[in-house]
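What you see below is based on every heavy atom in this structure, not just the backbone, and it leaves out hydrogens, waters and symmetry mates.
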Amino acid sequence: MKKVIIIGAGPAGLTAGYELLKRKGYEVTVLEKTDRIGGISQTVRYKGNRMDIGGHRFFSKDDRVNQWWQNIMPIQGEPSLDDKILNRERNFARSGPNPEQEDRVMLVRNRVSRIYYSKHFFDYPISLKWNTLKNMGITTTIKAGFSYLHSVFRKLPEDNLENFYINRFGRVLYSMFFEGYTEKLWGRHPREISADWGAQRVKGLSISAVIKDVFKKLIPGGRNTNVETSLIEEYRYPKFGPGQLWEAVADDIRKMGGTIVMNSEVKTISTENGKIKEVVCMENGEEKIYKGDIFMSSMPVNDLVAGMKGSPIPELVEKSAADLPFRDFVTVGLLLKKLNLQNQTKLKTLNNIVPDCWIYVQDTGVKLGRIQIFNNWSPYMVEQPEKYVWIGLEYFCREGDDFWNMSDEKCIQMAIDELVKMEVIDRTDVIDSHRERIQKAYPAYFDGYAHMDDIIAYLNTFDNLYCIGRNGQHRYNNMDHSMVTSFEAVHNIVNDIHDKTNVWNVNTDKEYHEIKE
């Protein structure tokens, strides 16, 4: 029986534990630093309402992931609360559970995310629909068009994120929709950030792709070609948020004989002769040692390297790992009587609120980055969805900075002030509020990241160590990509494969995540 120690009870760690326990011959222990399951895919409960930390669409191009999710939580076979009230038609699963009667169920939801800029809604990602051109105005549209043409014939070297965006969208659209938001998200100007981030998150999307798609649809039969792809229109979502699914996986792991230790913070990783020997954790103020044959780490790479004791660490690796940057995350939940934003779409919603799951806030006059509308993720996230609107205001910051250190009261008041300034809400419509702070939510692509290849090469020298997940690989992965790193790592473990290239190569393709043929 091989002992496997897994660091972190987020999507990557739990997927790895679950997959190993399905095979015989593995004793699995998962060590979780906090008292919550799911990492940033957790769901926070507050007075009968639930908050999704960061927003998580359950959609993947990898059929293994889609099937895995469905095995844990089957797709609805009957209408949900809002489907029933609004008489919405869905492609329900045959013989699927009824979400009005059962809890372990995935809902089918509409994918709606838009940009709110200068008090107008724009498609996200940006498109060339008539509404976009109308909201931009004729003068800005012409400027954007000439700016884009200039970028077509004069390509900039893609040695930073700013040039990456300008090459694909032109300088005018870049300054409107990318420059300010990117600086909010990362706390750095795009010219200071590696183009790797854009290559990973934007990928095949560009104005040229949008233009091709427009003309393709004008040509008879063009709609049926596979030259370009389109954004997904639906996704799956657990009845009570993403944390519900990962809590269910944790329960299944325990039932299969696995151990999950909460409030167990890994402090030291002991190494010897190219292997990890044991980890030392702090649990309730006391040290506890976990020995193992195989170690899987989804803890932040900087903490992993800093905790390694025994074998010498190259100076470049040690310094670069310590300099790997993150953005931390604050979300403010507001319970409201109503939103001032008008639903001008054809999509029906409870109380006719706007249908968006996310609203990206490009306005540089506010610190606010995104607005989540939890009613639209799932009506069961809100205690009284027919009466109130429950939203999450997302802010990006750095742990220890002035915003992070604000009191709950001041932070919530600032969030309300910004929404009032944007004319999104009236102050008198706020009923209740709650704040959450999340450490190391977003691995960043600057500073020590320049030597990430050297860090990876060093970590790969430890034969029994597998780095998985978003923070475990310091890569801005989606949830499904984090899971696939675990699939690949488990495949290598079970088949005694020592080359970890497949684990590190997850999500390095050049195609945008949320598109389909």
Side-chain angles (χ1 to χ4, degrees), residues 43-53 55-58 73 75-92 96-114 116 121 233-245 331-359 370-394 412 415-416 419-420 423-434 436:
T43 301
V44 175
R45 296 165 178 82
Y46 176 71
K47 292 185 180 178
N49 299 305
R50 289 172 166 83
M51 301 171 68
D52 182 345
I53 302 298
H56 293 84
R57 294 191 188 103
F58 284 70
M73 198 165 284
I75 297 170
Q76 70 182 97
E78 299 289 339
S80 60
L81 174 67
D82 49 355
D83 292 331
K84 288 170 64 177
I85 294 172
L86 299 167
N87 287 317
R88 286 195 303 220
E89 294 185 2
R90 299 278 192 195
N91 294 317
F92 298 130
N98 183 344
E100 286 286 85
Q101 298 174 359
E102 299 180 50
D103 288 342
R104 199 155 168 167
V105 54
M106 283 273 200
L107 307 182
V108 180
R109 310 305 290 173
N110 290 326
R111 180 205 185 278
V112 184
S113 294
R114 291 182 293 175
Y116 193 65
F121 279 110
E233 296 175 356
E234 290 183 336
Y235 63 91
R236 309 289 181 259
Y237 195 76
K239 178 177 177 178
F240 293 123
Q244 181 196 7
L245 180 133
T331 186
V332 174
L334 294 182
L335 188 65
L336 306 167
K337 295 176 185 175
K338 64 178 175 60
L339 287 170
N340 289 342
L341 301 173
Q342 299 299 310
N343 182 12
Q344 297 178 340
T345 73
K346 295 179 180 178
L347 295 171
K348 296 185 291 184
T349 60
L350 292 180
N351 297 320
N352 202 35
I353 62 174
V354 288
D356 306 72
C357 309
W358 273 313
I359 298 173
R370 283 190 314 200
I371 304 171
Q372 284 196 73
I373 303 176
F374 297 118
N375 302 55
N376 295 332
W377 287 106
S378 165
Y380 305 103
M381 297 281 281
V382 189
E383 189 172 31
Q384 298 184 65
E386 297 172 77
K387 187 175 182 181
Y388 299 122
V389 184
W390 174 234
I391 65 174
L393 310 179
E394 300 182 350
I412 290 166
I416 293 171
L419 284 192
V420 171
E423 300 180 10
V424 172
I425 66 168
D426 294 329
R427 196 179 304 275
T428 54
D429 285 330
V430 179
I431 299 168
D432 202 357
S433 57
H434 179 69
E436 286 285 333

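- Two residues are said to be in side-chain contact when any heavy atoms from C-beta on lie closer than 4.5 Å; K337 and I431 meet this criterion.
- Shortest non-hydrogen contact noted between L347 and N343 is O-ND2, 3.0 Å.
- For the pair N375 and L350, the minimum side-chain heavy-atom distance is 4.5 Å or more.
- A 4.5 Å side-chain heavy-atom check between L245 and F58 finds at least one atom pair inside the cut-off.
- Geometrically, R111 does not engage Y235 in a cation-pi contact, judged by NZ or CZ lying under 6.0 Å from the ring centre and within 45° of the ring axis.
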Can you check side-chain contact (heavy atoms from CB on, under 4.5 Å) on Y380 and Y237, steps first, answer last? CA-CA 11 Å; Y380 305 103; Y237 195 76; over 6 Å; no
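- No donor-acceptor pair closer than 3.5 Å links the side chain of N110 to the backbone N or O of V112.
- Not one N or O on the side chain of K239 forms a donor-acceptor pair closer than 3.5 Å with the backbone of P379.
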Any chance you could lay out the side-chain contact (heavy atoms from CB on, under 4.5 Å) test for Y116 and L341, step after step, and finish with the verdict? CA-CA 10 Å; Y116 193 65; L341 301 173; 3.7 Å; yes
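- The closest donor-acceptor contact from the side chain of E394 to the backbone of G392 lies at 3.5 Å or more, if one exists at all.
- Within the 3.5 Å criterion, the main-chain N or O of G96 finds no donor-acceptor partner in the side chain of E78.
- The only member of D356, D82, D52 that meets salt bridge (charged side-chain N to carboxylate O under 4.0 Å, His left out) when paired with R109 is D82.
- Looking at D432, L393, D429 one by one, the single match for side-chain contact (heavy atoms from CB on, under 4.5 Å) with L334 turns out to be L393.
- A distance of 6.0 Å separates CD1 in I371 from CD1 in I391, rounded to the nearest 0.5 Å.
- Closest approach of Q76 and L107 over heavy atoms only: OE1-CA, 3.0 Å.
- Judged purely by atom type and a 3.5 angstrom limit, N49 uses its side chain to pair as donor or acceptor with the backbone of E383.
- With N376 contributing its side chain and V354 its backbone, the two residues share a donor-acceptor pair below 3.5 Å.
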Start with the C-alpha distance between L81 and E100, add both sets of side-chain angles, then the distance that settles side-chain contact (heavy atoms from CB on, under 4.5 Å), and finish with yes or no. CA-CA 7 Å; L81 174 67; E100 286 286 85; 3.6 Å; yes
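- Judged by distance alone, with hydrogens and angles left aside, the side-chain atoms of D426 form no donor-acceptor pair with the main-chain N or O of T428 at under 3.5 Å.
- Inter-residue side-chain proximity for L335 and Q384 is flagged as unmet; no heavy-atom pair is nearer than 4.5 Å.
- Proximity of I75 to V108: side-chain heavy atoms (C-beta onward) are separated by under 4.5 Å at one or more points.
- Side chain of N98 to main chain of E102: no donor-acceptor pair is present (N/O by atom type, distance under 3.5 Å, no hydrogens or angles).
- The one candidate from S378, P238, P99 that meets the side-chain contact (heavy atoms from CB on, under 4.5 Å) condition with M106 is P238.
- Listed here is the closest heavy atom pair of T331 and M51: CG2-CE, 3.6 Å.
- When side chains are defined from C-beta on, N351 does not count as touching K338, because their heavy atoms never get closer than 4.5 Å.
- Going from atom CD of Q372 over to atom CH2 of W358 covers 6.5 Å, rounded to the nearest 0.5 Å.
- Here the side chains of V44 and R50 are not in contact, with every heavy-atom distance at 4.5 Å or above.
- Partner V424 forms a side-chain contact (heavy atoms from CB on, under 4.5 Å) with one of N340, I359, L336, L339 and no other, that one being L339.
- Counting heavy-atom neighbours within 6.0 Å of K84 NZ, excluding the residue itself, gives a total of 12 or less.
- Side-chain contact between I53 and T43 is absent, with no heavy atoms from C-beta onward closer than 4.5 Å.
- Note: W390 and F374 have tilted aromatic rings, judged against thresholds of 30 and 60 degrees for the angle between ring planes.
- A donor-acceptor pair is defined here as one N or O able to donate and one able to accept, closer than 3.5 Å; such a pair exists between the side chain of Y46 and the backbone of S433.
- A donor-acceptor pair under 3.5 Å is formed between the side chain of R88 and the backbone N or O of K348.
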